[in-house]
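What follows is a single structure, written as C-alpha coordinates, with notes after it.
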Amino acid sequence: MSMFGGMEISASALTAQRLRMNVTAENLANAETTKTADGTPYRRKEVTLESVPGKGGFGAQLSKAMGGGSGVAPGGVQARAITEDSTDGKLVYDPSHPDANAQGYVRMPNVDTVTEMVDLIDAQRAYEANVTAMSASKQMFAKTLEILR
Amino acid sequence: MLIDTTQLALERSISGATQRQEALAANIANASTPGYKRVDVDFHGALAAALGSSDAKTKLATTSFATQADAGVGNTQADGNSIDVENESAKMAANALEQQAAVSVAKTRNAILRSAMGVN
(Lines give C-alpha, C1' and ligand atoms only; values in the text may rest on other atoms or scores of the structure.)
Protein backbone atom coordinates (compact mmCIF):
# COMPACT_ATOMS: atom_id res chain seq x y z
CA MET A 1 0.00 0.00 0.00
CA SER A 2 1.14 3.45 -0.79
CA MET A 3 0.79 6.57 1.30
CA PHE A 4 -2.91 6.68 0.43
CA GLY A 5 -3.48 3.04 1.44
CA GLY A 6 -6.61 3.71 3.43
CA MET A 7 -8.22 5.57 0.55
CA GLU A 8 -7.32 2.85 -1.97
CA ILE A 9 -8.90 0.20 0.25
CA SER A 10 -12.11 2.23 0.55
CA ALA A 11 -12.07 2.91 -3.21
CA SER A 12 -11.95 -0.83 -3.98
CA ALA A 13 -14.98 -1.30 -1.72
CA LEU A 14 -16.86 1.50 -3.52
CA THR A 15 -16.23 -0.30 -6.82
CA ALA A 16 -17.41 -3.62 -5.37
CA GLN A 17 -20.58 -2.15 -3.84
CA ARG A 18 -21.40 -0.29 -7.06
CA LEU A 19 -21.13 -3.60 -8.93
CA ARG A 20 -23.58 -5.11 -6.43
CA MET A 21 -25.98 -2.24 -7.07
CA ASN A 22 -25.64 -2.70 -10.85
CA VAL A 23 -26.38 -6.42 -10.62
CA THR A 24 -29.38 -5.79 -8.36
CA ALA A 25 -30.65 -3.20 -10.83
CA GLU A 26 -30.31 -5.77 -13.62
CA ASN A 27 -32.29 -8.30 -11.57
CA LEU A 28 -35.06 -5.79 -10.94
CA ALA A 29 -35.13 -4.70 -14.58
CA ASN A 30 -35.55 -8.33 -15.65
CA ALA A 31 -38.16 -9.26 -13.04
CA GLU A 32 -40.66 -10.03 -15.84
CA THR A 33 -38.30 -11.33 -18.53
CA THR A 34 -39.64 -14.75 -19.50
CA LYS A 35 -37.30 -15.34 -22.44
CA THR A 36 -33.57 -14.67 -22.65
CA ALA A 37 -31.15 -15.36 -25.53
CA ASP A 38 -31.08 -19.11 -24.79
CA GLY A 39 -34.88 -19.33 -24.59
CA THR A 40 -35.09 -19.80 -20.80
CA PRO A 41 -36.53 -17.30 -18.30
CA TYR A 42 -34.13 -14.80 -16.73
CA ARG A 43 -32.32 -16.03 -13.61
CA ARG A 44 -31.33 -13.62 -10.86
CA LYS A 45 -27.61 -12.93 -10.45
CA GLU A 46 -25.66 -12.57 -7.23
CA VAL A 47 -22.25 -11.01 -6.51
CA THR A 48 -19.83 -12.80 -4.17
CA LEU A 49 -17.05 -10.67 -2.70
CA GLU A 50 -13.57 -11.67 -1.56
CA SER A 51 -10.84 -9.79 0.27
CA VAL A 52 -7.62 -8.90 -1.55
CA PRO A 53 -4.41 -9.56 0.40
CA GLY A 54 -2.46 -6.34 0.73
CA LYS A 55 0.72 -6.08 -1.31
CA GLY A 56 2.46 -4.13 1.43
CA GLY A 57 4.30 -1.26 -0.21
CA PHE A 58 7.21 0.85 0.96
CA GLY A 59 5.90 1.31 4.50
CA ALA A 60 5.44 -2.43 5.06
CA GLN A 61 8.88 -3.22 3.65
CA LEU A 62 10.46 -0.52 5.82
CA SER A 63 8.87 -1.78 9.01
CA LYS A 64 9.87 -5.34 8.08
CA ALA A 65 13.46 -4.21 7.59
CA MET A 66 13.33 -2.46 10.97
CA GLY A 67 12.45 -5.75 12.60
CA GLY A 68 8.97 -6.91 13.43
CA GLY A 69 6.13 -5.57 11.37
CA SER A 70 4.90 -9.09 10.80
CA GLY A 71 1.26 -9.94 10.35
CA VAL A 72 -1.07 -9.27 7.48
CA ALA A 73 -1.04 -6.28 5.18
CA PRO A 74 -4.63 -5.02 4.88
CA GLY A 75 -5.94 -5.07 1.34
CA GLY A 76 -9.20 -4.09 -0.25
CA VAL A 77 -12.12 -6.07 -1.56
CA GLN A 78 -13.06 -7.32 -5.00
CA ALA A 79 -15.83 -9.31 -6.67
CA ARG A 80 -14.97 -13.01 -6.83
CA ALA A 81 -17.81 -14.10 -9.05
CA ILE A 82 -21.26 -13.20 -10.35
CA THR A 83 -23.29 -16.38 -9.98
CA GLU A 84 -26.75 -17.25 -11.24
CA ASP A 85 -29.39 -18.40 -8.80
CA SER A 86 -30.35 -21.85 -10.12
CA THR A 87 -33.74 -22.18 -8.40
CA ASP A 88 -36.78 -22.23 -10.69
CA GLY A 89 -39.20 -19.33 -10.80
CA LYS A 90 -42.90 -19.80 -10.18
CA LEU A 91 -45.38 -20.93 -12.85
CA VAL A 92 -48.13 -18.46 -13.73
CA TYR A 93 -51.25 -19.46 -15.66
CA ASP A 94 -51.54 -17.16 -18.68
CA PRO A 95 -52.52 -19.02 -21.89
CA SER A 96 -52.37 -15.86 -23.99
CA HIS A 97 -48.68 -15.33 -23.16
CA PRO A 98 -46.34 -16.08 -26.11
CA ASP A 99 -44.01 -18.09 -23.81
CA ALA A 100 -46.80 -20.19 -22.29
CA ASN A 101 -46.38 -23.99 -22.46
CA ALA A 102 -48.96 -26.47 -23.82
CA GLN A 103 -50.91 -26.34 -20.53
CA GLY A 104 -50.98 -22.52 -20.60
CA TYR A 105 -48.43 -21.94 -17.85
CA VAL A 106 -45.57 -19.42 -18.09
CA ARG A 107 -42.30 -19.94 -16.17
CA MET A 108 -41.47 -16.57 -14.56
CA PRO A 109 -37.96 -15.40 -13.56
CA ASN A 110 -36.85 -16.31 -10.01
CA VAL A 111 -36.53 -12.62 -9.11
CA ASP A 112 -38.20 -11.55 -5.86
CA THR A 113 -38.48 -7.77 -5.87
CA VAL A 114 -38.49 -7.57 -2.05
CA THR A 115 -35.19 -9.50 -1.81
CA GLU A 116 -33.69 -7.27 -4.48
CA MET A 117 -34.77 -4.11 -2.66
CA VAL A 118 -33.18 -5.35 0.56
CA ASP A 119 -29.95 -6.16 -1.34
CA LEU A 120 -30.05 -2.71 -2.88
CA ILE A 121 -30.38 -1.01 0.52
CA ASP A 122 -27.56 -3.18 1.89
CA ALA A 123 -25.25 -2.21 -0.96
CA GLN A 124 -26.21 1.45 -0.61
CA ARG A 125 -25.51 1.54 3.13
CA ALA A 126 -22.20 -0.27 2.65
CA TYR A 127 -21.29 2.27 -0.03
CA GLU A 128 -22.06 5.15 2.35
CA ALA A 129 -19.99 3.56 5.15
CA ASN A 130 -17.02 3.34 2.80
CA VAL A 131 -17.45 6.94 1.66
CA THR A 132 -17.30 7.96 5.35
CA ALA A 133 -14.18 5.84 5.87
CA MET A 134 -12.57 7.44 2.83
CA SER A 135 -13.26 10.98 4.01
CA ALA A 136 -11.84 10.07 7.44
CA SER A 137 -8.62 8.88 5.74
CA LYS A 138 -8.54 12.06 3.67
CA GLN A 139 -8.87 14.26 6.76
CA MET A 140 -6.03 12.38 8.44
CA PHE A 141 -3.69 12.89 5.46
CA ALA A 142 -4.63 16.57 5.29
CA LYS A 143 -3.94 16.95 9.00
CA THR A 144 -0.54 15.23 8.67
CA LEU A 145 0.43 17.72 5.97
CA GLU A 146 -0.22 20.54 8.48
CA ILE A 147 3.01 19.61 10.29
CA LEU A 148 4.89 21.12 7.36
CA ARG A 149 3.16 24.48 7.61
CA MET B 1 19.04 17.05 21.29
CA LEU B 2 16.57 18.63 18.92
CA ILE B 3 14.29 15.59 18.67
CA ASP B 4 13.44 14.35 22.17
CA THR B 5 11.56 11.25 23.30
CA THR B 6 8.17 13.00 23.34
CA GLN B 7 8.53 14.24 19.78
CA LEU B 8 9.63 10.78 18.67
CA ALA B 9 6.68 9.18 20.46
CA LEU B 10 4.30 11.63 18.78
CA GLU B 11 5.76 10.83 15.39
CA ARG B 12 5.45 7.11 15.97
CA SER B 13 1.87 7.44 17.19
CA ILE B 14 0.94 9.40 14.04
CA SER B 15 2.44 6.62 11.96
CA GLY B 16 0.70 3.96 14.06
CA ALA B 17 -2.68 5.68 13.75
CA THR B 18 -2.22 5.95 9.97
CA GLN B 19 -1.49 2.22 9.79
CA ARG B 20 -4.50 1.48 12.00
CA GLN B 21 -6.68 3.60 9.71
CA GLU B 22 -5.75 1.27 6.83
CA ALA B 23 -6.72 -1.78 8.88
CA LEU B 24 -10.08 -0.24 9.90
CA ALA B 25 -10.75 0.85 6.30
CA ALA B 26 -10.09 -2.74 5.18
CA ASN B 27 -12.55 -3.99 7.80
CA ILE B 28 -15.32 -1.69 6.56
CA ALA B 29 -14.47 -2.52 2.93
CA ASN B 30 -14.91 -6.23 3.70
CA ALA B 31 -18.15 -5.81 5.68
CA SER B 32 -19.98 -8.09 3.22
CA THR B 33 -17.14 -10.49 2.36
CA PRO B 34 -17.94 -14.08 3.43
CA GLY B 35 -15.44 -15.50 5.92
CA TYR B 36 -13.59 -12.23 6.52
CA LYS B 37 -12.11 -11.75 10.01
CA ARG B 38 -11.37 -8.29 11.34
CA VAL B 39 -7.80 -6.99 11.58
CA ASP B 40 -6.39 -4.34 13.89
CA VAL B 41 -3.13 -2.62 14.84
CA ASP B 42 -2.23 -2.44 18.53
CA PHE B 43 0.14 0.52 18.27
CA HIS B 44 -0.74 1.70 21.78
CA GLY B 45 0.64 -1.51 23.24
CA ALA B 46 3.83 -1.34 21.16
CA LEU B 47 4.40 2.34 22.06
CA ALA B 48 3.72 1.74 25.76
CA ALA B 49 6.22 -1.13 25.78
CA ALA B 50 8.84 1.03 24.03
CA LEU B 51 8.31 4.01 26.38
CA GLY B 52 8.48 1.73 29.41
CA SER B 53 11.86 0.25 28.49
CA SER B 54 15.16 1.56 29.89
CA ASP B 55 16.40 2.84 26.51
CA ALA B 56 13.11 4.42 25.41
CA LYS B 57 14.55 6.56 22.63
CA THR B 58 16.28 3.79 20.66
CA LYS B 59 13.38 1.48 21.32
CA LEU B 60 10.91 4.08 19.99
CA ALA B 61 12.93 4.72 16.86
CA THR B 62 13.05 1.04 15.97
CA THR B 63 9.59 -0.08 17.06
CA SER B 64 7.15 -1.09 14.37
CA PHE B 65 3.50 -2.06 14.38
CA ALA B 66 1.92 -5.24 13.12
CA THR B 67 -1.49 -5.52 11.50
CA GLN B 68 -2.93 -8.67 13.04
CA ALA B 69 -6.12 -10.67 12.83
CA ASP B 70 -8.29 -9.88 15.84
CA ALA B 71 -8.80 -13.10 17.82
CA GLY B 72 -11.33 -11.76 20.31
CA VAL B 73 -14.32 -11.09 18.10
CA GLY B 74 -17.87 -11.13 19.37
CA ASN B 75 -20.49 -11.87 16.76
CA THR B 76 -19.76 -13.94 13.71
CA GLN B 77 -22.50 -14.03 11.10
CA ALA B 78 -23.69 -17.15 9.31
CA ASP B 79 -21.30 -16.51 6.41
CA GLY B 80 -18.26 -16.37 8.76
CA ASN B 81 -17.92 -12.58 8.61
CA SER B 82 -17.13 -10.90 11.93
CA ILE B 83 -17.44 -7.22 10.96
CA ASP B 84 -19.76 -4.86 12.81
CA VAL B 85 -19.82 -1.70 10.69
CA GLU B 86 -21.02 0.57 13.52
CA ASN B 87 -18.24 -0.64 15.79
CA GLU B 88 -15.60 -0.16 13.06
CA SER B 89 -16.91 3.34 12.27
CA ALA B 90 -16.71 4.32 15.93
CA LYS B 91 -13.15 2.99 16.17
CA MET B 92 -12.22 4.84 13.00
CA ALA B 93 -13.61 8.15 14.28
CA ALA B 94 -11.71 7.76 17.56
CA ASN B 95 -8.53 6.80 15.70
CA ALA B 96 -8.79 9.83 13.39
CA LEU B 97 -9.24 12.18 16.36
CA GLU B 98 -6.27 10.62 18.11
CA GLN B 99 -4.08 11.09 15.04
CA GLN B 100 -5.23 14.71 14.65
CA ALA B 101 -4.51 15.42 18.32
CA ALA B 102 -1.00 13.98 17.96
CA VAL B 103 -0.39 16.07 14.83
CA SER B 104 -1.56 19.24 16.62
CA VAL B 105 0.77 18.63 19.56
CA ALA B 106 3.72 17.77 17.28
CA LYS B 107 3.06 20.91 15.25
CA THR B 108 2.94 23.12 18.36
CA ARG B 109 6.16 21.63 19.69
CA ASN B 110 7.83 22.33 16.35
CA ALA B 111 6.57 25.92 16.49
CA ILE B 112 8.03 26.37 19.99
CA LEU B 113 11.36 25.01 18.77
CA ARG B 114 11.30 27.33 15.77
CA SER B 115 10.59 30.43 17.86
CA ALA B 116 13.40 29.47 20.26
CA MET B 117 15.74 29.34 17.26
CA GLY B 118 14.57 32.78 16.20
CA VAL B 119 12.94 31.57 12.98
CA ASN B 120 9.36 32.68 12.46
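A, B, ... follow the sequence lines: proteins, then strands. Residue 1 opens every chain. Only this structure's heavy atoms are used, side chains among them; waters, hydrogens and symmetry mates stay out.
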If you apply the rule side chain to side chain contact (heavy atoms under 4.5 Å, CB included), what do you find for A:Met140 with B:Val103, and how did you get there?
CA-CA 9 Å; A:Met140 281 174 68; B:Val103 168; over 6 Å; no
Hey, could you give me the CD/OG1 distance between B:Gln100 and A:Thr144, rounded to the nearest 0.5 Å?
8.5 Å
Segment of B:Ala31 engaging chain A (4.5 angstrom heavy-atom cut-off):
neither
Separation of B:Leu97 CG from A:Gln139 CD (nearest 0.5 Å)
9.0 Å
Considering only heavy atoms and a distance below 4.5 Å, find which of B:Ala26, B:Ala17, B:Ala29 pairs most often with chain A.
B:Ala29
Name the region of A:Arg125, side chain, backbone, both or neither, that has any atom closer than 4.5 Å to a heavy atom of chain B.
neither
Any side-chain donor paired with an acceptor under 3.5 Å for A:Ser137 and B:Glu22?
no
When the 4.5 angstrom heavy-atom criterion is applied to B:Ser32 and chain A, the contacting part is both
Below 4.5 Å from any heavy atom of chain A, which atoms of B:Gln99 appear? Answer side chain, backbone, both or neither.
side chain
Around atom NZ of A:Lys45, are there more than 12 heavy atoms from other residues, nucleotides or ligands closer than 6.0 Å?
yes
CA sep, side-chain torsions, deciding dist, call: A:Phe141, B:Thr18, side chain to side chain contact (heavy atoms under 4.5 Å, CB included):
CA-CA 8 Å; A:Phe141 293 133; B:Thr18 308; 4.0 Å; yes
How long is the straight-line distance from CD1 of A:Ile147 back to CD1 of B:Ile14, given to the nearest 0.5 Å?
4.0 Å
So do the side chains of B:Asn30 and A:Leu49 get within less than 4.5 Å of each other, counting heavy atoms only?
no
Quick one: closest heavy-atom pair of B:Val85 and A:Ala129, and the distance?
CG1-CB, 3.8 Å
Side-chain contact, heavy-atom cut-off 4.5 Å: A:Thr48 with B:Pro34?
yes
Go through the steps for A:Glu146 and B:Ser104 under the test side chain to side chain donor-acceptor pair (under 3.5 Å), then give the verdict.
CA-CA 8 Å; A:Glu146 275 185 26; B:Ser104 295; 5.7 Å; no
Nearest 0.5 Å, please: how far is CE in B:Met92 from OG in A:Ser10?
6.0 Å
Hydrophobic clustering (ILVMFWY, side-chain heavy atoms < 4.5 Å, transitive) - are B:Phe43 and B:Val105 grouped together?
no
Which one of A:Ser51, A:Ser12, A:Ala13 has the most heavy-atom pairs closer than 4.5 Å to chain B?
A:Ser51
List the steps and the verdict of side chain to side chain contact (heavy atoms under 4.5 Å, CB included) for B:Thr33 and A:Arg80.
CA-CA 10 Å; B:Thr33 305; A:Arg80 183 175 63 199; over 6 Å; no
